[in-house]
Amino acid sequence: MHDLIVEGLEKQFDGNMIIRDLSFTVEHGEFFTLLGPSGCGKSTTLACLAGLERPSRGRIELAGRVFSDQKRDVFLPAEERNLGMVFQSYALWPQMTVEQNIAFPLKLRKVDGGQRARTVADVMEKVGLERLGKRYPHQLSGGQQQRVALARALAYSPDLLLLDEPLSNLDAKLRDQARVWLKRLQSDLGITTIYVTHDQEEALSLSDRIAVMLQGDMVQVDEPRAIYKTPATAEIAGFIGRSNFLPGVIERGGVAGSDVAIAVEATGETIVGIAAEDLPSGTPATLAVRPEGAQIVATQVTRDEVNEVLEVEIIGESYLGNRVEYQARYGDVVLQIDGTETAPAAEVRLLVPRTALRVYRA
Amino acid sequence: MPSSTSGTASGTEPPNGTRYVNTNLRDSGAGTELRGPVPSAPAPGLVPPRHRRFLGFDRNQSIWWGAFIVLALFVAAPIVPTLVQSVRTKALYDSTGEFSLGAFARLFTEAQFGEVILNTLTFAVLTTVMTLLIAVPIAVVVTRTNLPGKRLFETTMQWPYYVSSLIIGLGWMMIYGPAGFITELVRGIVGGQPWDLYTIPGMALIEAVSVAPIAYMFCRNALLQSDASLEAAAKTSGAPPLRILFSIVIPMMRPAIVYSAVLVFTVAVETLSIPLIIGIPAGITFFSTFLYKNGLQSLNPDYGLLGAASVIILLVAVVLVVTQTRLLRNAQRFVTVRGKATRPKPLDLGKLRWVAFVYVAAYVVIGAGIPLLGIFLRSFTFILTPLRNPLESLTLSNYTRIFEIPAYSGSIVNSLVVASVGAVLVTILVFVVALVAKRSSFRFRRGLDYLALAPQAMPGLIVGIGLFWAIAVLPFGLGGLIHGTLFALIIGFGFRALPSAYGAIAPSILQIGEELDKAANLSGADWLRTVRSILLKILLPSIASAFVLTFISMFKEYSPAIFLQSADSKVFGTTMLEMWAQGATGPVAALAAIQIAIISVVALVASKYMKGIQHA
């Protein structure tokens, strides 16, 4: 069953379209992530869901309750939506203790003192903050503050949890731990969650589904694996993970998902890959290959039914600890290719499965 | 933790059994902004608070509109009557008057307003030049070099906030005036009259001394905010200290210098104290004294003329204040990096630092120290002259005379009442207005910003004249109730104090992350509840400092009272002027000493108390 339904959502600021005609649904209990670079409109989308911004157009509905419908001039302000939100800065109220922070939303809901104390204790235990109740926010570490913010957002059983880059202020180690912990907490609670981030690792590891946003458009909505393996456009392929692009022209066209042959400009060679969209012959196109999608092999290896082989020259390497990235010259372009520490010979070939070669319209 | 996202789960019991209030679930939106047949399923779990609305108007909007209307009336009260009066032939309350532009013509024919303009501009230009000559070098050497005693100078340069320019003027007269202590001393040595302060340059010098600290503060702030690494870069590329000073530090201050020049010019155009105590006896008329003479000293005042002159002065002031705002915006654009924790090492001036020391010390001692000391000495003596040892003529009679005459002692009480009641009212108004302007979705919030800063462009005397007329035309005999009361003074002084009080609160609101409000909204708090529970407590220290600042400036204020007061509602400044005119120098000195003492105590207590707040 759909929990959150968004239809035709748009927001303009001074004539600039920040988000354009977004429509999506989120299932009950789903972890749904808005992923995109800064300025893509993901935070504006979240603010519209929260009721902090009034959309210019469109409709938002949660579990049958209409939050906003511009056509009918309906707008429910943030304070009446019963949502929980964790801000990037955590936004803990500095003059209140941890307990007071968590209790404030309960006070607003006229929960009586005894019940309030029990709920606060309960939720603090859930996020692992026992014994910190009397502290003030500035006396806590970043990780603890983040937990308080989450506890505050969860204490009153909100109908939807909104997370605005909640992990971005933690240092790298802590962020990895918090990610695992957050995912477990969310699935334990089964609360529908909208998560906003620009960090693809966070998005890929946490989400049930990811909506990729670029320049105000939602360009692809899918499960993490599908987003990574079959990016819908070249832009997404470039934004999520790393990709090498080889421009060229389609020689033998085909519909989306079929094999197509592209003559690449770099060498004039013809390479067969999978069409990401319908590509008739003669269309200018670009071939994408991920650095980890190719394997460095000896010059004897040749192409076969399922693999393409590219002749390259290794011209440099970057040691990155868990892997080594090689710069391979292919015609007049340089490809980034992952490899092992064993240094390859200068003249090598790249073995790439056709399923790892995706062709997009240029 | 109950998961509460299922739309149909109104009967499900959360796992841990905590089921809270579940009555009164949201209906289909009656009485809320939800109009029409909007389907709304009941929300499970806790219900967010609902805020009552009346005809689409909630309590927040009532406050926003209320603040807007009160502020608009407050700001319009002195301005509108002035504008109307300037084009009427008779007094505003006289309905037989007709529309006429004659007053503007009379200004330049009969009233010789052209000469007044020339005097005022000469005075303002001279004041500005002298102020910059004093303030800029002092700001540079105190802030950036190894000046001896810089700590001491940092503190003493703040004194003008505690002393009004009227008192500086009176102090200068007692010491450097024709019969002043130092003048007599020098005359004894050189023979004839050593100097004459009864000239435009002389008056400009006194004005410059009294406003220099304002320009100093702006230049100092610019120096503190500028990027320290620029100096470090100059140093590593081999520039000697003086070179760094002239090639890096001073050019970076240019926006601050230009801004304070315009600010000082504005102050000089509208000032009353020096033109009144020196200009009138010297026969030199300025903007403010023109209004004073035509409004108060004439038996049959020409109200049209008064209105027309006010409008012209107002226009000049508006142009200057708009320029200031533009420049300030520009100056802020120059601030490159903020919040650098490490300050550069002060530049070493070598032997020159003693020259700098003499320059700064000369200003502090000759400009402020001696005149203020003179006021205190004069207040405890029969006469202050180098011909007699002051210790031989000690007396308390100046003070006893003040307390014996009810009109004098009454003015102390009046000032205290006006300043404390006024500061409470202004602080409350400014707090609400600043929150609406900076932190609400009110449609005209930008307008509030402009309204709150508009009084900057109103010289005190014109505020007095304008309110005088406004009170005169109030319906239902309300005018009679207000006229000449302390309440009228509170309105006039409050009007003048509004922009600085606003300036003390508004920036500190901007420093609070907006996410704190948004988090409260998401938690279920509307605007008013967010203000009460979240923002009020965080802002308490700046509310307190706005209160103290407003108290002090209203306590020093007097120019609107010249037109608004009655015999029973005199304040410090007006009483001092009156006694000064009668030649009662001793009691004037005593009154000035009392004013300085009260302000010092308030400032001292406040600074201790504010530290207390900050540590908590």
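Lettering follows sequence order; numbering is per chain, from 1.
- For a residue to count as touching a neighbouring chain, one of its non-hydrogen atoms must lie under 4.5 Å from one of that chain's; by this rule A:Leu92 touches chain B with the backbone only.
- Between chain A and the residues B:Ser533, B:Ser441, B:Gly513, the most heavy-atom pairs under 4.5 angstrom are made by B:Ser533.
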Would you tabulate the side-chain donor-acceptor contacts of residues 446-453 of chain B under 3.5 Å, counting partners in other chains and residues two or more places apart, or write 'none'?
residue, atom, partner, partner atom, Å
B:Asp449, OD1, B:Lys438, NZ, 3.4
B:Asp449, OD1, B:Tyr502, OH, 2.4
B:Asp449, OD2, B:Lys438, NZ, 3.0

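- Atom CD of A:Gln139 sits in a crowded spot, with more than 12 heavy atoms from other residues, nucleotides or ligands closer than 6.0 Å.
- The shortest heavy-atom contact between A:Gln95 and B:Ile534 is NE2-O, 3.1 Å.
- Interatomic distance, A:Met85 CE to B:Lys518 NZ, rounded to the nearest 0.5 Å: 7.5 Å.
- B:Val70 is linked by a side chain to side chain contact (heavy atoms under 4.5 Å, CB included) to B:Leu429, counting only residues two or more places apart in sequence or in another chain.
- Residue-level contacts of residues 39-53 of chain A with chain B, in order of numbering, are A:Ala50, A:Leu52; threshold 4.5 Å between heavy atoms.
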Counting only pairs under 3.5 Å, give me each side-chain donor-acceptor contact of residues 98-106 of chain A, with atom names and distances, residues two or more places apart or in other chains.
residue, atom, partner, partner atom, Å
A:Glu99, OE1, A:Lys134, NZ, 2.8
A:Glu99, OE2, A:Lys134, NZ, 3.3
A:Gln100, OE1, A:Thr97, N, 2.9
A:Gln100, OE1, A:Thr97, OG1, 3.4
A:Asn101, OD1, A:Trp93, N, 3.0
A:Asn101, OD1, A:Arg152, NH1, 3.0
A:Asn101, ND2, A:Trp93, O, 3.2
A:Asn101, ND2, A:Met96, O, 3.2
A:Asn101, ND2, A:Thr97, O, 3.2

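- With contacts defined as side-chain heavy-atom distances shorter than 4.5 Å, the pair A:Pro94/B:Ile512 does not qualify.
- Rounded to the nearest 0.5 Å, atoms CG (B:Asn521) and CG (A:Leu83) are 11.5 Å apart.
- Atom CZ of B:Arg443 is surrounded by 12 or fewer heavy atoms from other residues, nucleotides or ligands within 6.0 Å.
- Other residues, nucleotides and ligands contribute at most 12 non-hydrogen atoms within 6.0 Å of the NZ atom of A:Lys107.
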